[in-house]
S.K.: 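Quick one: the structure is below, and I'll ask about it shortly.
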Amino acid sequence: MPVEVSVSGSCDDFGPRPDWRSRLQAWRARQVARPAFRRFVQRMPLSSGFSRGREEELFSIVTGFVRSQILFAALQSGLIDAVAGGPVTIRHLAKTTGLGEDRLQRLLQAAQSIRLVRLGADGYVTLADHGAVVQSDAGIRAMIRHHALLYRDLADPVGLFDGTRTDTELRRLWSYAGAGRESSVKPGDAAAYSELMAASQSMLAGEILEAYDFGRHKRLIDVGGGEGVFVAALAERHPGLKLSLFELPPVADRARIRFASQPLSQCPHCHGGSFLDDPLPRGHDCVTLVRVLFDHEDTIVLRLLRNIRASMEPGQTLVIAEPMAGEGSQAQRLSTSYFGVYVLAMGSGRCRTPEEIIGLARAAGFSGFDIRPCRSALMATLVIARP
């Protein structure tokens, strides 16, 4: 008689069997899925706090989109700026923001729940810790406003992941990204993405400079360096370092204007061209790539790295700095989820692990790798490579 076999998993289970870690995780997931098991865990004295923490974390994920919109509304309505000089009254805020007092009260309550403002017992409103950071940091403010595009792209998240939604806001903004498009970027497009990159890169520069001592080098070129925010930070930290920047011609032009308006000890040299098709300037003992690789697919990254390798000699150093995927810390998990979805909506690139970047760099002719974490994995991780 036929024997009934219970099979778990997919129909593709003809390859190597899952190892014990995967089987244990699957067992754990089956237990957690049982309401009776969750009730049992909640009654345990030592695990009740852990269980509540997991419940709150899941609820935080489920409702995260609401908090992001509270943040956007608090900034865009002028609430955060209006409270910057605080304490201020609700009546004053109503006049400043143009919101009716009832609606303003609701926004204040919501903003207080995510630590943007504090409504005191005396009726005055002041900035809370998160609000103070947002109010004072131009990079964060630029990112929050920029996310209005990403929110619209995420209106159909399944369409992003299954590939049916390709005409996205981010794809149109970042139209310069991808093979064959670098040389055709328009000055207006260059202005839009350069301003955003400049604002957000100011947060990143300090992290990179703390993680790696660029003072050991004599000549450095930053490839794909936008309007030169990172190069300007290098010039301030290491005034004796000879600096250059390589970017698309319209962006390099904007960098020249930016450098001319800054009190730098030396004006970095700006080279215009395509880092995929044009030979890169030689003679630099350090080359940097700051938030460049994750904009591109593997074939483009390999092509770029080979072009960089062709411009370098033994003993020189390539420093790659960008947000990287990983599961080790909360910051790494946040970086993986955010940047992975962002570049998906952008239509080009992906968030890679340090090991994946090393694999691509090795294929391009680099060796002697080193991985260096920044203080915040959300900002960047460094991969150091040598030809």
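If you're wondering where the values come from, they're calculated on a predicted model, not measured in any experiment.
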S.K.: Donor-acceptor pair, His130 side chain versus Ile114 backbone, under 3.5 Å?
M.R.: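 Confirmed, His130 side chain pairs with Ile114 backbone.
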S.K.: Using side-chain heavy atoms (C-beta onward) and a distance below 4.5 Å, is Phe230 in contact with Leu245?
M.R.: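 Sidechains of Leu245 and Phe230: no contact.
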S.K.: Could you tell me which non-hydrogen atom of Leu150 sits nearest to which non-hydrogen atom of Ala345, and how far apart they are?
M.R.: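 The answer is CD1-CB, 4.0 Å.
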S.K.: Kindly say whether Arg219 contributes a backbone atom to a donor-acceptor pair with the side chain of Asp285 at under 3.5 angstrom?
M.R.: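 Yes: the side chain of Asp285 pairs with the backbone of Arg219.
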S.K.: Can you find a heavy atom in the side chain of Arg91 that is under 4.5 Å from one in the side chain of Glu101?
M.R.: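 Yes. Closest side-chain heavy atoms under 4.5 Å.
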S.K.: Do other residues, nucleotides or ligands put more than 12 heavy atoms under 6.0 Å from the CD atom of Gln109?
M.R.: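 No, CD of Gln109 has 12 or fewer neighbouring heavy atoms, counting only those of other groups under 6.0 Å.
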S.K.: Between the side chains of Glu297 and Arg303, is the shortest nitrogen-to-carboxylate-oxygen separation below 4.0 Å, so that they form an ion pair?
M.R.: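 A salt bridge is absent here (no side-chain N lies under 4.0 Å from a carboxylate O).
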S.K.: Using side-chain contact (heavy atoms from CB on, under 4.5 Å), reason through Ser68 and His147 one step at a time and then give a plain yes or no.
M.R.: CA-CA 9 Å; Ser68 69; His147 283 158; over 6 Å; no
S.K.: If you take all heavy atoms of Leu160 and Leu154, which pair is closest and at what distance?
M.R.: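 Result for this residue pair: CD1-CD2, 3.8 Å.
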S.K.: Thr97 versus Leu107: any side-chain heavy-atom pair under 4.5 Å?
M.R.: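 No, too far: nothing below the 4.5 Å cut-off.
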S.K.: Check this for me: does any side-chain nitrogen of one of Asp153 and Arg171 sit under 4.0 Å from a carboxylate oxygen of the other?
M.R.: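 No.
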S.K.: For the pair Thr353 (side chain) and Ala325 (backbone), establish whether a donor and an acceptor sit closer than 3.5 Å, ignoring hydrogens and angles.
M.R.: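 Checked: no pair found.
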S.K.: So does Arg375 get a backbone contact from the side chain of Glu207, meaning a donor-acceptor N/O pair under 3.5 Å?
M.R.: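 Between the backbone of Arg375 and the side chain of Glu207 there is a qualifying donor-acceptor contact (under 3.5 Å).
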S.K.: Is a side-chain donor or acceptor of Ser77 paired with a backbone partner of Ala73 at a separation under 3.5 angstrom?
M.R.: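 Yes; judged by distance alone, with no hydrogens or angles, the pair exists.
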S.K.: Find the distance between CD1 (Ile357) and CG (Asp298) and round it off to the nearest 0.5 Å.
M.R.: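 Answer for the CD1-CG pair, Ile357 versus Asp298, is 10.0 Å.
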S.K.: Under the criterion side-chain contact (heavy atoms from CB on, under 4.5 Å), I'd like the reasoning laid out for Leu280 against Ile221: C-alpha separation, chi angles, the key distance, then a yes or no.
M.R.: CA-CA 9 Å; Leu280 298 175; Ile221 185 167; 5.8 Å; no
S.K.: Indicate, with yes or no, if Leu99 and Tyr124 share a hydrophobic cluster defined by side-chain heavy-atom contacts under 4.5 Å among Ile, Leu, Val, Met, Phe, Trp and Tyr.
M.R.: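 Each belongs to a different hydrophobic cluster.
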S.K.: Around Arg115, counting heavy atoms of other residues, nucleotides and ligands shown, do more than 12 lie under 6.0 Å from its CZ?
M.R.: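 Check fails, neighbour count at 12 or below.
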S.K.: How close do Ala82 and Leu93 get, counting heavy atoms only, and between which atoms?
M.R.: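 Here Ala82 and Leu93 meet closest at CB-CD2, 3.5 Å.
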S.K.: How far does CE of Met324 sit from CG of Leu382, to the nearest 0.5 angstrom?
M.R.: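 The CE atom of Met324 sits 7.0 Å away from the CG atom of Leu382.
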S.K.: Decide yes or no on side-chain contact (heavy atoms from CB on, under 4.5 Å) for Ile90 and Val125, but give the supporting numbers first.
M.R.: CA-CA 7 Å; Ile90 293 177; Val125 182; 4.2 Å; yes
S.K.: Can you name the nearest heavy-atom pair linking Val117 to Leu108, along with the distance?
M.R.: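 Smallest interatomic distance, heavy atoms only, reads CG2-O, 3.8 Å.
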S.K.: Under 4.5 Å between side-chain heavy atoms, counting indirect links through other Ile/Leu/Val/Met/Phe/Trp/Tyr residues: same cluster for Leu378 and Ile371 or not?
M.R.: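 Per the 4.5 Å side-chain linkage, Leu378 and Ile371 are not co-clustered.
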S.K.: Going through the distances and angles, do Arg362 and Glu355 end up as a salt bridge (Lys or Arg N to Asp or Glu O under 4.0 Å)?
M.R.: CA-CA 10 Å; Arg362 181 175 285 113; Glu355 292 74 22; over 6 Å; no
S.K.: Does the side chain of Met346 come within less than 4.5 Å of Asp295's, by heavy atoms?
M.R.: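 Yes. Closest side-chain heavy atoms under 4.5 Å.
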S.K.: Under 4.0 Å between a side-chain nitrogen and a carboxylate oxygen: does that hold for Arg282 and Glu313?
M.R.: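 The answer is yes: the pair qualifies as a salt bridge.
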S.K.: How about CZ on Phe214, more than 12 heavy atoms from neighbouring residues, nucleotides or ligands closer than 6.0 Å, or not?
M.R.: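 It does: Phe214 CZ has more than 12 such atoms within range.
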S.K.: Do Ile257 and Val231 belong to the same hydrophobic cluster, where Ile, Leu, Val, Met, Phe, Trp and Tyr are linked whenever their side-chain heavy atoms lie under 4.5 Å apart, directly or via other members?
M.R.: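 Looking at the clustering, Val231 is in a separate group from Ile257.
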S.K.: Answer whether the closest heavy-atom distance between the side chains of Phe369 and Ile384 falls below 4.5 Å.
M.R.: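 No, every pair of side-chain atoms sits at 4.5 Å or beyond.
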S.K.: What I'd like to find out is whether the side chain of Ile308 reaches to under 4.5 Å of the side chain of Leu289, using heavy atoms alone.
M.R.: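 Of all side-chain heavy-atom pairs linking Leu289 with Ile308, at least one is under 4.5 Å.
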S.K.: Under 4.0 Å between a side-chain nitrogen and a carboxylate oxygen: does that hold for Asp370 and Arg386?
M.R.: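 Looking at Arg386 together with Asp370, the answer is no, because their closest N to O distance does not fall below 4.0 Å.
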S.K.: Is Thr336 reaching over with its side chain to a backbone N or O of Gln332, donor-acceptor style, under 3.5 angstrom?
M.R.: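 Between the backbone of Gln332 and the side chain of Thr336 there is a qualifying donor-acceptor contact (under 3.5 Å).
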S.K.: Do you see a donor-acceptor pair shorter than 3.5 Å between the side chains of Arg333 and Gln330?
M.R.: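 Present: a donor and an acceptor within the cut-off.
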S.K.: Please verify the inter-ring angle class for Tyr342 with His146; under 30° counts as parallel, over 60° as perpendicular, anything in between as tilted.
M.R.: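 The arrangement is tilted - the two ring planes meet at 30° to 60°.
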S.K.: As an exercise, state the distance from CZ of Phe246 to CG of Asp222, rounded to the nearest 0.5 Å.
M.R.: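 Answer for the CZ-CG pair, Phe246 versus Asp222, is 12.0 Å.
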S.K.: Hey, could you give me the CZ/CD distance between Arg141 and Gln135, rounded to the nearest 0.5 Å?
M.R.: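 Rounded to the nearest 0.5 Å, the CZ-CD separation comes out at 6.0 Å.
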S.K.: Nearest 0.5 Å, please: how far is CG in Asp81 from OG1 in Thr96?
M.R.: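 Taking OG1 in Thr96 and CG in Asp81, the distance rounds to 10.5 Å.
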S.K.: Counting only heavy atoms not in Arg145, do more than 12 fall under 6.0 Å of its CZ?
M.R.: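 More than 12 heavy atoms, drawn from other residues, nucleotides or ligands, come within 6.0 Å of this atom.
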S.K.: For the pair Glu322 (side chain) and Phe294 (backbone), establish whether a donor and an acceptor sit closer than 3.5 Å, ignoring hydrogens and angles.
M.R.: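 Confirmed, Glu322 side chain pairs with Phe294 backbone.
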S.K.: Tell me, yes or no, whether the heavy-atom count around Asp122 atom CG, taken from other residues, nucleotides or ligands under 6.0 Å, exceeds 12.
M.R.: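 Yes, enclosed.
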S.K.: So, the side chain of Arg352 versus the backbone of Leu293: is there a donor-acceptor pair under 3.5 Å, distance only?
M.R.: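 Looks like yes, one N/O pair under 3.5 Å.
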S.K.: Do Leu334 and Leu204 share a hydrophobic cluster, counting only Ile, Leu, Val, Met, Phe, Trp and Tyr and linking them when any side-chain heavy atoms are less than 4.5 Å apart?
M.R.: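 No: no chain of side-chain contacts under 4.5 Å links Leu334 to Leu204.
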S.K.: Return yes if some donor-acceptor pair links the side-chain N/O of Arg306 with the main-chain N/O of Arg309 below 3.5 Å, else return no.
M.R.: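 It does not hold such a pair.
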S.K.: Enter the distance from Ile70:CD1 to Leu116:CG here, rounded to the nearest 0.5 Å.
M.R.: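 Between atom CD1 of Ile70 and atom CG of Leu116 there are 8.0 Å.
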S.K.: Test of understanding: clusters of I, L, V, M, F, W, Y form through side-chain heavy atoms closer than 4.5 Å, transitively. Do Phe65 and Leu71 belong to the same one?
M.R.: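 Phe65 clusters together with Leu71.
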S.K.: Name the orientation class of the two ring planes belonging to His217 and Tyr212 (parallel below 30°, tilted from 30 to 60°, perpendicular beyond 60°).
M.R.: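 Geometry flag for Tyr212 against His217: parallel rings.
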S.K.: Would you indicate whether the side-chain heavy atoms of Ile300 and Leu302 approach each other to under 4.5 Å?
M.R.: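 Of all side-chain heavy-atom pairs linking Ile300 with Leu302, none is under 4.5 Å.
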S.K.: Looking at every non-hydrogen atom in both residues, tell me the closest pair between Gly228 and Phe259 and how far apart they are.
M.R.: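 That would be O-CE2, 3.5 Å.
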S.K.: Run the side-chain contact (heavy atoms from CB on, under 4.5 Å) test on Asp253 and Glu247 for me, step by step, so that the C-alpha distance in whole Å, both residues' side-chain angles and the decisive distance to 0.1 Å come before the verdict.
M.R.: CA-CA 9 Å; Asp253 290 342; Glu247 252 293 2; over 6 Å; no
S.K.: Could you tell me if the side chain of Leu243 sits less than 4.5 Å from the side chain of His238, heavy atoms only?
M.R.: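 No. Closest side-chain heavy atoms not under 4.5 Å.
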S.K.: Where is the tightest heavy-atom contact between Pro387 and Phe366, given as atom of each residue plus distance?
M.R.: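 Looks like N-CD2, 3.7 Å.
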S.K.: When you measure from the side chain of Thr89 to the backbone N and O of His92, does any donor-acceptor pair fall under 3.5 Å?
M.R.: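 At least one qualifying donor-acceptor pair exists.
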